[in-house]
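Read the numbers this way: they start at 1 and go in the same order the structure lists the ligands and their atoms.
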Amino acid sequence: MTIPPKPIRIAIVLNGQEFICQPVMLPFSLEGYPSVDLVLYGRQPEAPAPGLTVNPLPDLSPEGFDLILDGQFLTAGLADFSPDRLDNLVTGPAARCLKTLVCQLQELRQKQEINSGIIMNAADALITINSGHVIIGYNQGAEQMFGYTRTEALGQDLKLILPPPVKAVHGDYLKRYLATREPHVLGRQRRLTARRRDGQEFPLSISFSVAEIQGNLYFTAIMRDITEYKAMEDRVLQSERLAAVGNTVDHIAHEIKNPLLIIGGFAQQLIKAPGFDDPARRKLSIIAEEVSHLEEMVAEMRDFVRPPPTQKRQGQIMAVVEEALELFQDTFREHHIQVRRVEETPLPPVAFDPKQVRQVLINLLKNALEAMPQGGEITITSRVKGANAEISVSDTGAGLVPEVADNIFQPYFTTKEKGTGLGLAICQNIIAEHGGCLFADSPPGRGATFTIQLPIEETSPAAGASSLEENRR
Ligand code: ADP
């Protein structure tokens, strides 16, 4: 970063008397310090020339200097320097003093540049406030995190970036620290909710430090946006919870599977047995239906919590699509549903588990059927897209409203009276296990489309041979 030159004011003190000279240009200036004063202490070698208050700078014998930045004493030097630079600035004995000063300033500037480079470019946000709660340091990380530019933030009260609950009390925390010097939060890592310029709140981790410089206290906060980390943490927590739920579900499913089988079996037998009137038979059919629904639910729950291992092999996925469609043939006819096939591009063989992919297709077709109680059309579209084989199942039902679309793949999300909400979650897991993805699209008024993408893998000759063998078997 190039800092433009800036004049410094030089005061010369001779025999305890102070004289102010012309401003002197230094080849640089220090960012953030508007006023730089240099006090030179020296002796006049001889009486001042008549009419002059002070001898010209080159004639002065310097004894030392103080450097005062922004009214604060910063550094001092002694007049014991070798004069070899900056001859164009001043000459003679006073030059020595000035040269050393310039060297020191340059060193200081370099250190400052390194430090401010580190601070400015840090990915973490660094904000420094003074004891008046005013922002005096604000790096790029803070600009990105909070959305205020450095120019907008510097000189503002820290309240600018504090969310409401903290805003009300933060000034008091500072006052308490200034009064008691008891560090409650200093040096500790904490989590807070902060607020961006656009009002969006986000979690951050924050640590504080304090520095005392010439009696003034400066507080620096180092902040890291932990939105992603928090999301990951939540996912881990969620998967731990799901694992626990999974064990319970697995256990319950195992325990109730056999009793359900027995109840369902007996109900079926009794329906066929003589001696029951119609109302009794109707009740028995309801029992049998409900039991079979429960059995389905239990099976889905087990599939979800304990999915069977995926056994992929190369094959024609459209063959599985046809198998699934065949299962629904009669039902579709009964429900006035037409099926249309659109082959945009022929699909090459892909590696997949036929049983699992059939399960996915059955689920998508069942959902499409349920979405069109008055009948409609199902379109199966196949195409190659990039490195994937794509199969879409579109219906002409009511489609997905945004609140539903956002949740359909969440386990146990259902809008159906007797739904489990597990079908699409299981389908998504299955397709993910294949290295592909399943997604939904629902343009307003045009039903819903569910698309399966499966990667087309390069088949090695050996893999090709083994899949041929498997197909033959
Ligand atoms: P379930 O069918 O047991 O509800 P799913 O996971 O298969 O469970 O589906 C979740 C929800 O997604 C359904 O309850 C429904 O609201 C919505 N949904 C799924 N497929 C469609 C579709 N083709 N059209 C409209 N909504 C659908």
*asked:* Show, in sequence, the C-alpha distance, side-chain angles and deciding distance for E322 and R341, and conclude whether the salt bridge (charged side-chain N to carboxylate O under 4.0 Å, His left out) test is met.
replied: CA-CA 10 Å; E322 290 304 328; R341 294 161 181 81; 2.8 Å; yes

*Quick one: side-chain contact (heavy atoms from CB on, under 4.5 Å) partners of N258, sequence neighbours excluded?*
none

*When you measure from atom 2 (O) of ligand 1 to every protein heavy atom, which one gives the shortest distance, and what is it?*
K416 NZ, 2.7 Å

*If we only count N/O pairs under 3.5 Å, is E370 in contact with ligand 1?*
no

_Nearest protein heavy atom with distance in Å, relative to atom 9 (O) of ligand 1_ = L424 CD1, 3.7 Å

*How about L204 and D225: do any of their side-chain heavy atoms sit closer than 4.5 Å?*
no

*Determine the minimum heavy-atom distance between T331 and L369, stating which atoms define it.*
CG2-CD2, 3.9 Å

*Can you list the steps and then say if E296 with K366 is a salt bridge (charged side-chain N to carboxylate O under 4.0 Å, His left out)?*
CA-CA 13 Å; E296 248 173 57; K366 181 172 154 277; 5.2 Å; no

*Looking at ligand 1, does F409 have a heavy atom less than 4.0 Å from it?*
no

*Taking the non-hydrogen atoms of G399, is any one of them nearer than 4.0 angstrom to ligand 1?*
yes

*So, are E290 and K418 salt-bridged, with charged N and O less than 4.0 Å apart?*
yes

*asked:* Pair T381, E344 - check side chain to side chain donor-acceptor pair (under 3.5 Å), show working.
replied: CA-CA 7 Å; T381 313; E344 286 185 7; 5.4 Å; no

_Best match, I426, T414, D395: closest heavy atom to atom 4 (O) of ligand 1_ = T414

*asked:* As an exercise, identify every atom of ligand 1 less than 4.0 angstrom from a heavy atom of T420.
replied: 3 (O)

*asked:* Can you report which non-hydrogen protein atom sits closest to atom 7 (O) of ligand 1, along with the distance?
replied: N367 ND2, 2.9 Å

*Where does N363 meet ligand 1, judged by heavy-atom distances below 4.0 Å: at the side chain, the backbone, both, or neither?*
side chain

*Nearest-contact summary for atom 27 (C) of ligand 1 - protein heavy atom, Å*: L400 CD2, 3.5 Å

_atom 12 (O) of ligand 1: the protein heavy-atom neighbour that sits closest, reported with distance to 0.1 Å_ = I408 CG2, 3.0 Å

*asked:* Tell me the protein heavy atom at minimum distance from atom 24 (N) of ligand 1, and give that distance in Å.
replied: A371 CB, 3.5 Å

*Measure the distance from atom 8 (O) of ligand 1 to every protein heavy atom, then report the residue, atom name and distance (to 0.1 Å) of the closest one.*
G421 CA, 3.3 Å

*For ligand 1, which atoms sit closer than 4.0 Å to a heavy atom of G419?*
3 (O)

*Please lay out, stage by stage, how E228 and R235 fare under the test salt bridge (charged side-chain N to carboxylate O under 4.0 Å, His left out).*
CA-CA 10 Å; E228 278 178 23; R235 280 201 296 275; over 6 Å; no

*When you measure from atom 15 (C) of ligand 1 to every protein heavy atom, which one gives the shortest distance, and what is it?*
T415 OG1, 3.4 Å

*Pairs involving residues 394-414, ordered by first then second residue, that meet salt bridge (charged side-chain N to carboxylate O under 4.0 Å, His left out) (sequence neighbours left out)*: none

*asked:* Before you tell me yes or no, could you show the steps for T379 and S394 under side chain to side chain donor-acceptor pair (under 3.5 Å), namely the whole-Å CA-CA distance, both residues' side-chain angles and the distance that decides it to 0.1 Å?
replied: CA-CA 5 Å; T379 308; S394 310; 5.4 Å; no

